[in-house]
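Note on naming: letters A, B, ... go to the chains in the order of the sequence lines (proteins, then strands), and numbering restarts at 1 for each one. Scope of the values below: all heavy atoms of this structure, side chains included, with no hydrogens, waters or symmetry mates.
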Amino acid sequence: MKIETAKVDDPFYYLQNLQTLLGFVTDRYWALFSPEEQQQLTAIDSLTQPAQAVLCRMVMRKGELFRESKLQYPEIADTAAALNELGAKGLVTTCAKVNSEQLASLLTKAELLSFARHTYPELPWPASLSKPKLTEQLQRQIPAEPSFPLVEALHVATGTKEIGVQLLVDALFVRVRLLFFGNLYQDWSEFVTTELGHRQYERVDLTDTPATFDSREVLEAYIEMHQLAEQLEQADDVLTLWPQLPWQAPKHTWLDRRRSKLLFQAGRQAERQQQYAHAIEAYRESRYPEAAVRWCRVSELSESQEQCYQFAEEQLAQASAAIDKLRISRIYQRSARKLKQATPLLFTLARPNTWQLDLPQAPVEQLERSCAAAIGEPDAPCVYVENLLFNGLFGLLFWPAIFAPVRDAFFHPFQAAPADMYSRSFSRKRQSIIDDCFALLEQGQHGDAMHATLKDKQGLANHFIYWEGLSPELLDMALRCIPAPQLELIFRRMLQDLRQHRSGFPDLIQFYPASQTYRLIEIKGPNDRPQDNQRLWLDLFAREGIDASVCNVSWPE
DNA sequence: ACCATTCACCCATCT
DNA sequence: CGGAAGGCAG
DNA sequence: AGATGGGTGAATCTGCCTTCC
Ligand SMILES: [Mn+2]
């Protein structure tokens, strides 16, 4: 299976991309569409080119309401005719009703003012009102639910015969997008940005029919949860959304992960509004790892210290991620102290070496860069790398594993990582390839492999590689100074939990090429302190005898 | 990497 | 008027 | 003074045009 992006010198390049996409999705997932959606898809297929192009333009743009004057394109001769055709096929309508907010986004401030003065002449409408204020005033006149005829409003506001339309296939295309990308954060612009080379992706043999979407219910449930998450952001009272949350667990693991995250977010929101009982309800249902931490915290805030103490102890035993254990243990220790219990030190981190750096003057650029410049010496260069270095080294060495054509891992051409990159089974499903990569490391052949990958794969999107920061010189220096056994240690810890362990690396690395050694430095400004994920890496470095320290920086006023 | 994510920065509270 | 912000396009 | 928890804000292709304050 191959998916090609259209050349941008074709004036209808976007149409071609849409057709590619629709063909792909309808071929594979026709049965997942409702009868109405199937009818819409058939109607789209039967459109003339200009009508299809106008539809496509609207689909790619924000919202579902458009003014005719804003749908003029050089390659489309007669927009009005195209809109008529789309109306006749039931893909757009001119009968849309709008509320004041929708109207405001469609009209300029002057037009909105004119609309207000014509429609409510008895009220004062000073021109000095800002657009948001104006919209707010209008809101008091027009009910919140869309009720004002769009075409009429445009007529009143502009004094012209310009029409406005509502796109009726937005929901359909959300489903198309989800089926194609497997997520809702990517969109059609992927086609043109990769065609232009702004982004490039590795070519992998794609899984033809991924098992993720096996029924319409999965699709619907996902979209439902996505919309709930959006509403949750806005909601100033979470309790109104509470009954709509997905309280029963689906069998589908992909859906359950989405559900767990949603419930976690709902719990956070409830916490912020001091709805602790509700927060606990959400955390109890969520399998999102951090939910256990928040559950303990809410217990501390809203329940008795005894309850909190016992509960934290239980959760501590169950937590698997180091960062969650660390956070729960803090709560546990606190409640133990308050109960005057003996406080068993379950989780102690090695204390990192700390030193002081006095800059001659306040940093002009970013603090980390100033420090790198101050610390570095001609024979001991110091580079600001943060996560980029070790993630980059990881991405280079394990490239064959990351982009292995494992079943269901790749299903469209715009992926910077396999779909299961951060799942528990990532390593297991690629065990032999990963072993091979470690073997290279043990045999000292990793350097050549990584340099080759750096050259061959330059610029191809990879979640672990930030190409702009990973120069051949940096790679060379890193390979020269960091012994393979230490790289292995670091990579093995990363592989334990790629999601958590890909961040928290120290800011700076200083190389000593003459002695083939190096040291890592975490820079901290006057009001900063190491974060939990940073402390966990520092702890590993300390235990393994890797030179890593925290540098507290100060400067004269 | 499921409008996040990761970091620094700022402020508050508890001891 | 200068200039920030957001939408849109390729 | 130090250890905590909590919240914020920046940056994500690049470049143009419109809108708004
Ligand atoms: Mn730092």
Side-chain angles (χ1 to χ4, degrees), chain A residues 5-11 13-14 17 57-58 60-63 70-71 73-75 104-105 107-112 128-134 177-178 181-186 188-200 212 222-223 225-226 229-230 232-234 254-255 257-262 265 268 271-272 288 293-294 297 300-301 327 330-331 333-334 337-338 366-368 384 386-388 391 414-423 459 461-464 466 468 498-500 502-507 522-534 553:
Chain A
T5 57
K7 299 268 177 288
V8 287
D9 49 17
D10 175 355
Y13 75 92
Y14 57 93
N17 288 334
R57 289 290 193 178
M58 287 192 281
M60 291 190 300
R61 282 169 52 175
K62 199 186 168 184
K70 302 284 184 189
L71 290 172
Y73 295 92
E75 76 280 6
S105 64
L107 299 175
T108 66
K109 189 193 162 188
E111 289 167 338
L112 193 63
S128 59
L129 282 178
S130 72
K131 198 176 179 184
K133 287 264 180 249
L134 185 54
R177 243 169 73 206
L178 181 55
F181 291 110
N183 63 59
L184 288 175
Y185 66 87
Q186 285 178 294
W188 324 132
S189 65
E190 290 290 345
F191 280 87
V192 70
T193 48
T194 72
E195 178 62 34
L196 289 172
H198 283 139
R199 247 199 291 271
Q200 289 174 279
T212 314
Y222 186 95
I223 291 169
M225 290 194 280
H226 179 79
E230 278 179 343
L232 208 56
E233 289 278 300
Q234 313 303 109
W254 180 69
L255 270 185
R257 237 184 305 149
R258 186 71 190 85
R259 180 184 94 111
S260 289
K261 178 134 198 195
L262 176 61
Q265 290 166 326
R268 290 306 318 245
E271 257 190 87
R272 271 189 277 269
Y288 193 75
V293 182
R294 296 313 311 171
R297 176 67 180 147
E300 184 183 25
L301 289 171
R327 289 177 175 160
R330 260 199 308 259
I331 297 171
Q333 311 265 42
R334 250 198 322 265
R337 219 170 13 245
K338 284 189 182 140
Q366 206 178 350
L367 178 63
E368 289 84 352
Y384 177 37
E386 219 159 62
N387 299 325
L388 158 178
N391 281 344
F414 309 105
Q415 289 181 244
D420 63 341
M421 183 89 233
Y422 301 101
S423 82
N462 177 324
H463 271 172
F464 287 82
Y466 176 65
E468 288 75 9
L498 283 172
R499 162 161 304 267
Q500 297 290 344
R502 50 171 305 171
S503 62
F505 288 99
D507 296 313
E522 171 58 37
I523 295 296
K524 287 298 167 200
N527 296 316
D528 200 9
R529 61 192 127 102
Q531 299 173 13
D532 289 337
N533 55 353
Q534 296 173 333
V553 187

Can you check the distance between [N] and [M], where both ends of the measurement are the [atom1] atom (answer in whole Å)?
| N | M | atom1 | answer |
| --- | --- | --- | --- |
| D:dT8 | C:dA9 | C1' | 33 Å |
| C:dG6 | D:dA11 | P | 13 Å |
| D:dG6 | C:dG10 | C1' | 43 Å |
| D:dG15 | B:dA1 | P | 23 Å |

Specify the residue among A:G504 and A:E233 whose closest nucleotide of DNA chain B lies further upstream toward the 5′ end.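 Counting from the 5' end, the first nearest nucleotide belongs to A:E233.
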Distance below 4.0 Å between [X] side-chain N/O and [N] OP1 or OP2:
| X | N | value |
| --- | --- | --- |
| A:K524 | B:dA8 | yes |
| A:Q265 | B:dC3 | no |
| A:K70 | D:dT18 | no |
| A:Q531 | B:dT6 | no |
| A:R294 | D:dG5 | no |

Mind checking [X] for me? I need base, sugar-phosphate or nothing, with any heavy atom below 4.0 Å counting as a touch.
| X | value |
| --- | --- |
| A:T193 | base |
| A:Q534 | sugar-phosphate |
| A:W188 | nothing |
| A:A419 | base |
| A:R272 | sugar-phosphate |
| A:Y73 | sugar-phosphate |
| A:E190 | nothing |

Cation-pi geometry met for A:R199 and A:F414 (6.0 Å, 45°):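 So A:R199 doesn't make the cation-pi contact.
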Mind calculating the distance between CD (A:Q366) and P (B:dT6) to the nearest angstrom?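 Value for this atom pair: 17 Å.
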Which nucleotide, in any strand shown, forms a Watson-Crick or G-U wobble pair with B:dC2, with both distances under 3.5 Å?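 Its partner: none found.
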So A:Y222 and A:W254, would you call those rings parallel, tilted or perpendicular, with 30° and 60° as cut-offs?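 Geometry flag for A:W254 against A:Y222: parallel rings.
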Any donor-acceptor N/O pair under 3.5 Å between D:dT4 base and A:R529 side chain: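 Such a pair exists between side chain and base.
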